[in-house]
**Student:** 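Below you'll find the structure I mean.
We're numbering straight along the sequence, starting at 1.
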Amino acid sequence: STVAGRVAAYSLPLKPGEAPQYTIKTAKQYDGATGVAADRRCRRLYVSLYSLGAVYAYRLPYTAGEKPAVLQIEPYLGPYGIAAGDDHLFVTDSTASSVNAYPLPITERSQPDAIVPFNGSPAGVTVRSRYSGSPCR
């Protein structure tokens, strides 16, 4: 929820009326889109906070009150969509009209090692893993 400033985690398969296993509090945003991605080993959860211009990286399993690593991009024009690949986090950058590839794990000082520009605003991104199956439960 961008307005409430929270990310809720649910067990799969999702059931009607199910309560979240846990909730991560983030900064409240207005007119912001939030993207969520987990790495393939479910060791990190990444949350893009568009109006704050940042990506938060949380360790999994999440511990209440944990402070995330924060990758600062650009407020109100920064990260929109995110996807975690085998060894990179892919972040759309609305300011630069690009998709940026950050080596994993990200830190406050991470820089993209690849930038793919294109016309228009990138709304989302996805990746296909080299590995089969999903260790996320």
Side-chain angles (χ1 to χ4, degrees):
S1 170
T2 58
V3 174
R6 68 177 181 257
V7 175
Y10 294 88
S11 295
L12 295 178
L14 192 59
K15 298 173 189 83
E18 184 174 354
Q21 280 187 316
Y22 59 87
T23 301
I24 298 173
K25 293 181 182 179
T26 64
K28 293 180 181 179
Q29 310 177 71
Y30 299 96
D31 300 323
T34 300
V36 178
D39 68 14
R40 72 176 180 86
R41 293 188 179 119
C42 293
R43 292 183 182 167
R44 298 275 190 277
L45 177 70
Y46 303 95
V47 179
S48 65
L49 300 163
Y50 178 76
S51 64
L52 298 178
V55 174
Y56 287 11
Y58 295 93
R59 280 184 293 205
L60 293 176
Y62 174 72
T63 303
E66 175 190 339
K67 299 293 182 197
V70 179
L71 173 62
Q72 194 64 49
I73 299 179
E74 173 114 22
Y76 290 103
L77 297 171
Y80 199 84
I82 59 174
D86 296 324
D87 51 9
H88 281 80
L89 182 69
F90 299 91
V91 180
T92 63
D93 185 338
S94 298
T95 303
S97 292
S98 65
V99 175
N100 301 340
Y102 293 89
L104 291 176
I106 64 166
T107 68
E108 292 85 356
R109 293 181 182 84
S110 291
Q111 296 294 316
D113 63 3
I115 298 172
V116 178
F118 56 88
N119 289 330
S121 294
V125 62
T126 189
V127 295
R128 185 175 147 202
S129 175
R130 294 186 295 254
Y131 303 94
S132 62
S134 174
C136 296
R137 304 269 184 262

**Student:** Ignoring hydrogens, what is the shortest heavy-atom contact between Y56 and P68? Give both atom names and the distance.
**Tutor:** CD2-CG, 3.7 Å
**Student:** May I ask you to test the L104-Y46 pair for a side-chain heavy-atom distance under 4.5 Å?
**Tutor:** yes
**Student:** Identify whether V125 and V116 are in the same connected component of the hydrophobic contact network (ILVMFWY, side-chain heavy atoms under 4.5 Å).
**Tutor:** no
**Student:** When you measure from the side chain of S98 to the backbone of N100, do you find a donor-acceptor pair of N or O atoms at a distance under 3.5 Å?
**Tutor:** no
**Student:** Got V127 and F90 here, is their nearest side-chain heavy-atom distance under 4.5 Å?
**Tutor:** yes
**Student:** Is it true that, when you exclude K15 itself, more than 12 heavy atoms of the residues, nucleotides or ligands shown sit nearer than 6.0 Å to its NZ?
**Tutor:** yes
**Student:** Search all heavy atoms of L71 against all heavy atoms of S110 and return the closest pair with its distance.
**Tutor:** CD1-O, 3.6 Å
**Student:** Apply side-chain contact (heavy atoms from CB on, under 4.5 Å) to the pair I24 and E66, showing each step before the final yes or no.
**Tutor:** CA-CA 9 Å; I24 298 173; E66 175 190 339; over 6 Å; no
**Student:** Search all heavy atoms of T23 against all heavy atoms of P20 and return the closest pair with its distance.
**Tutor:** OG1-CG, 4.0 Å
**Student:** Is there a donor-acceptor pair closer than 3.5 Å between any side-chain N or O of Q72 and the backbone N or O of L52?
**Tutor:** yes
**Student:** Do L89 and V55 touch side chain to side chain, with heavy atoms closer than 4.5 Å?
**Tutor:** yes
**Student:** Which residue in the set T92, I115, V91 passes side-chain contact (heavy atoms from CB on, under 4.5 Å) when paired with V99?
**Tutor:** T92
**Student:** If you round to the nearest 0.5 Å, how far is NE2 of H88 from CD1 of I106?
**Tutor:** 12.0 Å
**Student:** As a quick check of understanding, evaluate side-chain contact (heavy atoms from CB on, under 4.5 Å) for I73 and Y102, giving each step before the final call.
**Tutor:** CA-CA 12 Å; I73 299 179; Y102 293 89; 4.0 Å; yes
**Student:** What pair of heavy atoms forms the shortest contact from A69 to E108, and how long is it?
**Tutor:** CA-OE2, 3.8 Å
**Student:** Of all heavy-atom pairs between Y10 and L14, which one has the smallest distance, and what is that distance?
**Tutor:** CB-CD1, 3.7 Å
**Student:** If you look at every heavy atom in P103 and Q111, which pair is closest and at what distance?
**Tutor:** CD-O, 3.6 Å
**Student:** Given side chains that start at C-beta, do those of R59 and R43 come closer than 4.5 Å, heavy atoms only?
**Tutor:** no
